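One structure is given below, encoded as structure tokens.
Both ligands and their constituent atoms are indexed starting at 1 by order of listing. Note that the structure is a prediction, hence the values are computed from the model and not measured.
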Amino acid sequence: MMTRFSVLLITGFIFLTCNGFSQFITEYPEIPRIDVHTHLSNEYPGIINYLEMRDSLRMQHGINLAMWINLGEEKRTETAIDTITRVSKGRVMTCISDYSPQRGLTHKPEDIAGYVQKGYAGYKIWHGPAYRVLDEGETGIAYIDNPAHEPMFEAMEKAGMVLASVHVADPNGPFGDRGEWCADPVEFWREIIGLERVLQRHPGLVVVAAHGSWLVCQDAQIDFLRYMFKTYPNFHVDLAATFQYFYMVNRDNLRDLFMEYSDRILYGTDTGELKKSDIPKKVDQYVKTFRFLETDDAVQGGFYGETMSTGLNLPKAVLENIYYKNALKIYPGLKERMSKLDQY
Ligand SMILES: [Zn+2]
């Protein structure tokens, strides 16, 4: 005969199963999290929705998503920086940005020091695969190490302007599963080596490469990432849009990388504008990434995608680095900004 207790248990089980990720409660409510790779732009209703989403994350999951670094996007954000700060109640720091394969950089080296002073967090450069954006017959700037960029990188190095979430390549999976983005490994490595040349020429330039520098889709790429971290002390990566690719690599290898180089890896998602009706979905997207990093649960999908992977169950000190300590060290003014916020 079914007892009242077993009915409760079964009901509870069904509830948990149906609700899936919404049941995750973080063990680390005290750790603030900074999403360093976002495209909140200067779309103010969306920014207000992010604040509401933040409240939901805290109430439902105990998660303190404290701040966002806004990389901008097509809508140029440099004239809007003060409004973005005010509307976001100080929780969004904004970058200047450029999209360079076609037209080159539009900002001027002589303006960089002023941007740092005005409170921009960094300079986002999208220099992804040129073939993705160039029209047939159009000659653009193929690689990030093009000499045309040299005066800019020099100015940034001098002014302490961070090269924020620089995008140079698309994901290149192993033979037989290259993926939809970059089927050509030769082109992929030309793009990556271009970034390495920039690091060689500018040892003082602080670099955060977007998307794990896309060196997270093959186990040998992870070894190359180890080489990059060890060789270039100012080289970092963010995790934006990488989670759904982690099924492609050995979990122990990936975990080992995070453990050894936790001072170089930053939390990020690649999230964009947010409609009010999409807030619950956005909460779930964020929860998946935190659950993947904090537990050894099987997690379906990351911020994007539906692939299954086993969480990394990282220790608290590693999570603290990835969630906020590295960001506070890297982006000028962020630490001061964060110290002015309410704890929650
Ligand atoms: Zn992005």
Side-chain angles (χ1 to χ4, degrees), residues 33-43 46-47 49-50 53 65 67-78 80 84 88 91-103 105-107 120-133 144 161-172 179-182 188 191-192 194-195 206-217 225 235-246 264-275 278 281-282 285-286 288-289 301-305 322-323 326-327 330-331 334:
R33 296 131 204 257
I34 301 171
D35 184 344
V36 304
H37 188 138
T38 75
H39 301 275
L40 272 52
S41 193
N42 53 350
E43 207 265 321
I47 290 175
N49 291 337
Y50 270 97
M53 196 275 305
L65 179 54
M67 290 189 75
W68 296 268
I69 302 278
N70 177 18
L71 302 172
E73 192 115 291
E74 291 85 22
K75 293 181 203 169
R76 310 266 309 218
T77 47
E78 55 265 39
I84 293 171
S88 70
R91 294 194 182 272
V92 176
M93 262 193 102
T94 301
C95 296
I96 54 166
S97 60
D98 246 318
Y99 189 78
S100 70
Q102 290 135 314
R103 62 181 185 215
L105 302 174
T106 59
H107 289 288
Y120 288 96
Y123 186 4
K124 153 77 174 182
I125 298 177
W126 194 94
H127 206 293
Y131 58 77
R132 184 134 77 86
V133 292
I144 190 84
M161 174 66 101
V162 176
L163 181 52
S165 295
V166 60
H167 184 136
V168 297
D170 279 348
N172 175 246
E180 60 182 298
W181 290 96
C182 176
F188 172 82
E191 291 157 2
I192 298 294
L195 180 61
V206 177
V207 177
V208 179
H211 316 300
S213 204
W214 284 127
L215 292 166
V216 290
C217 297
L225 199 44
F235 177 73
H236 314 78
V237 300
D238 76 40
L239 294 175
T242 57
F243 295 86
Q244 74 271 32
Y245 291 92
F246 290 155
R264 308 295 191 83
I265 300 170
L266 288 85
Y267 179 78
T269 62
D270 215 358
T271 193
E273 291 175 12
L274 179 57
K275 282 192 244 147
D278 288 339
K281 185 176 169 235
K282 195 62 77 182
Q285 286 178 278
Y286 270 105
K288 284 181 184 183
T289 62
F303 201 80
Y304 300 105
I322 295 170
Y323 283 158
N326 297 338
I330 288 170
Y331 300 94
L334 183 60

* What is the minimum heavy-atom distance between Thr271 and Thr269, and which atoms define it? -> N-OG1, 3.1 Å
* Asked: What atom name does the N, O or S atom of His37 nearest to the Zn ion (ligand 1) carry?
  -> NE2
* Structure fact -> Nearest heavy-atom approach of Gly212 to Val237 is CA-CB, 3.6 Å
* **Over 12 non-hydrogen atoms of neighbours within 6.0 angstrom of CH2 in Trp181** => no
* To do: Give the ring-plane orientation class for Trp214 versus His211, where under 30° counts as parallel, over 60° as perpendicular and anything between as tilted.
  => parallel
* Asked: Is the distance from the Zn ion (ligand 1) to the nearest N/O/S atom of His211 under 2.8 Å?
  -> no
* Asked: Can you name the N, O or S atom of Asp270 that is closest to the Zn ion (ligand 1)?
  -> OD1
* Is the distance from the Zn ion (ligand 1) to some N, O or S atom of His39 under 2.8 Å? -> yes
